[in-house]
Student: 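Dropping the structure in here first, questions after.
For this chain, numbers begin at 1 and follow the sequence in order. We count ligands from 1, going down the list as the structure has it; atoms in each ligand are counted the same way.
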Amino acid sequence: MLQPDRETRAEWTKAVTAFVEEFVEGLEAAPASAPGTALLPPPPAETPGELADLLAQFGQAAHEAVETAGPRYLAYFPAGGLYSSVLAELLAQVTNRYTGVASTAPSLVALEHSVIRWFCTEFGLPEGSGGVFTTGASLATLSAVHTAREHHDVGREGVIYVTAHTHHCVAKAARITGFPAERVRVVPGLRMDVATGRSMIAEDRAAGLKPFLVVGTAGATSTGIVDPLDDIAALAAAEGLWFHVDAAYGGAFQLTTRGRAVLHGISRADSIAWDPHKSLFLPYGTGVLLVRDEARLRAAHVADGDYLQDLDHGTGLPDYSDLGPELTREFRGLRVWLPLHLHGVAAFREALDEKLDLARYVRDALADVDGLEVLPSELSVVVFRAADDEMSERLLTAINDSRRFFLSSTRLDGRYALRLCVLSHRTHREHVEELVDLVRRLSAAPAR
Ligand SMILES: *Cc1c(COP(=O)(O)O)cnc(C)c1O
């Protein structure tokens, strides 16, 4: 009963395909958010259900949400979810190959490895570099912090240097790997003030602590701003620290000429975390950790068990279970490999370039709106505010209540700011023009 016959499979596939088509076709017109009541559905029954009913239930639940896949979702980091990646996922799941160890599916592991190799090349990492796909940048960062700690062999007296704009996943990783909160030191600056960082390191050494890791951000979550990666690399080299770059958002802009200039210095990193589920437009669940020296990543994660003795480890390919915490893992490579080959890399470079252009357009257009102030931002993030916090908050509420767009907010220098990021492959010029018109209208006649 758990294996449907051919006819049933065809019927189910047809129903799901029809749902998918209607969903994708409806995205352009769909409201940017829809309210819901989140009633807990009943537990599963002993008897079979009807796919049509279950699809309807799913459809309603999916509808009562922020339309994160739509072209007008500009909050946080939009991820459209490339259709080609969705199909890759179907293929990966239906074949269900085991890729934790290379020998059980060497050619598939080679395919995944080819993508990692290409990433390393794009980031300018040397021979001997490598990496592993993760669920997202948070887990990539966790593995990076763990690897840095093992490599430098520090205990609780190890110190990590970040800025106030570093993503909280670094503090979380530090906490999980056993560092007390005070071992994460905040270097001042909207972009890391490297000279101050240097003196903080000296002070910490004098106090008997062990500085071992400095984190640069390539595209801060609030502002998209990129730290001075070259200067941080030089600091790390001079002080003998591990240099980690959190490029979760900004990483893919390395594929563009403009982005590459902004990210200059990233090739000197010991490790880079980035999220194809952000700036490669993939569905949620795909991050990657790249490391300058794959051997260090392996040394920090490798483990063995008697039950694995039959597996041949001599393929010359990475055994991904040795490069991260997972043993059984999803075959994430295909959802990156298929889109890159099917669309071609140029399509990604162009789409990312388009996002940079659209963000610049929005920045310039909002700067001309009376009563708005556009704050410093980089890449495809735009940050702005009204005359005071209350007016800014009211403006965001009015924008989101229109249900045409969904934006988010942040705080800069203690003040409330509206924030948007142009990053969906579905967002184009006509969408951001509509947004600018809406903001102009709402700021001229603020809701009271
Ligand atoms: C999104 C983000 C993260 C966290 O990544 P997840 O994929 O959500 O785990 C970390 N750092 C930065 C800069 C981010 O933008």
Side-chain angles (χ1 to χ4, degrees), residues 66 68 73-81 85 119 123 131-146 148 160-177 184 186-187 189-192 213-229 232 243-254 259 262-263 266 269 271-290 324-326 330 332 335-336 352 355 359 377-383 407-412 419-424:
V66 173
T68 40
Y73 177 70
L74 302 171
Y76 310 102
F77 290 112
S85 193
F119 286 167
F123 281 104
V132 62
F133 282 112
T134 66
T135 54
S138 295
L139 284 211
T141 303
L142 177 60
S143 273
V145 170
H146 167 69
I160 302 169
Y161 299 85
V162 301
T163 76
H165 301 277
T166 303
H167 192 274
H168 73 253
C169 72
V170 175
K172 208 183 205 179
R175 188 172 164 205
I176 297 173
T177 51
V184 181
V186 180
V187 181
L190 184 60
R191 295 172 210 271
M192 183 181 280
L213 167 63
V214 58
V215 178
T217 301
T221 312
S222 285
T223 58
I225 282 178
V226 178
D227 274 326
L229 302 179
I232 300 175
F243 176 32
H244 175 71
V245 177
D246 181 350
Y249 155 59
F253 290 100
Q254 180 74 5
V262 173
L263 301 184
I266 199 166
S271 53
I272 301 169
W274 77 282
D275 268 337
H277 70 204
K278 287 177 180 158
S279 38
L280 271 191
F281 320 115
L282 300 196
Y284 294 137
T286 310
V288 66
L289 174 62
L290 302 177
E326 296 176 301
E330 291 179 81
R332 300 192 182 89
R335 54 175 100 128
V336 192
L352 288 160
K355 303 314 154 200
S377 67
E378 216 162 356
L379 299 176
S380 69
V381 175
V382 181
V383 191
L407 270 56
S408 57
S409 70
T410 187
R411 299 195 78 82
L412 287 176
R419 173 197 171 284
L420 64 92
C421 179
V422 188
L423 201 61
S424 170

Student: Relative to the ring of Y249, is the ring of F77 parallel (under 30°), tilted (30 to 60°) or perpendicular (over 60°)?
Tutor: parallel
Student: How far is atom 7 (O) of ligand 1 from the closest protein heavy atom, and which atom is that?
Tutor: D275 OD2, 2.6 Å
Student: Could you check whether any side-chain N or O of R175 sits under 3.5 Å from a backbone N or O of V170, counting only pairs where one atom can act as donor and the other as acceptor?
Tutor: no
Student: Hey, mind stepping through I232 and R191 against side-chain contact (heavy atoms from CB on, under 4.5 Å) and telling me if it holds?
Tutor: CA-CA 11 Å; I232 300 175; R191 295 172 210 271; over 6 Å; no
Student: Within a distance under 4.0 Å of any heavy atom of H277, pick out the atoms of ligand 1 and give their elements.
Tutor: 7 (O)
Student: List ligand 1 atoms under 4.0 Å from T221, heavy atoms only on the residue side.
Tutor: 12 (C), 13 (C), 14 (C), 15 (O)
Student: For ligand 1, which atoms, with element, lie under 4.0 Å from some heavy atom of F77?
Tutor: 15 (O)
Student: Find the distance between CG (L420) and CG (L407) and round it off to the nearest 0.5 Å.
Tutor: 5.0 Å
Student: Would you check whether T135 has a nitrogen or oxygen atom less than 3.5 angstrom from a nitrogen or oxygen atom of ligand 1?
Tutor: no
Student: In Å and rounded to the nearest 0.5 Å, what is the CG to NE2 distance from L289 to H244?
Tutor: 7.0 Å
Student: To which protein heavy atom is atom 9 (O) of ligand 1 closest, and what is the distance rounded to 0.1 Å?
Tutor: S138 OG, 2.6 Å
Student: Please test C169 against D246 for side-chain contact (heavy atoms from CB on, under 4.5 Å), starting from the C-alpha separation and ending with a verdict.
Tutor: CA-CA 10 Å; C169 72; D246 181 350; 4.0 Å; yes
Student: Below a 4.0 angstrom heavy-atom separation, can you tell me which part of A137, side chain or backbone, both or neither, approaches ligand 1?
Tutor: both
Student: When you measure from the heavy atoms of K278 to every atom of ligand 1, does any distance fall below 4.0 Å?
Tutor: yes
Student: If you measure from each heavy atom of C169 to ligand 1, is any distance below 4.0 Å?
Tutor: yes
Student: Looking only at non-hydrogen atoms, which of T134, T141, D246 approaches atom 13 (C) of ligand 1 most closely?
Tutor: D246
Student: Does T217 reach the side chain of H167, with side-chain heavy atoms less than 4.5 Å apart?
Tutor: no
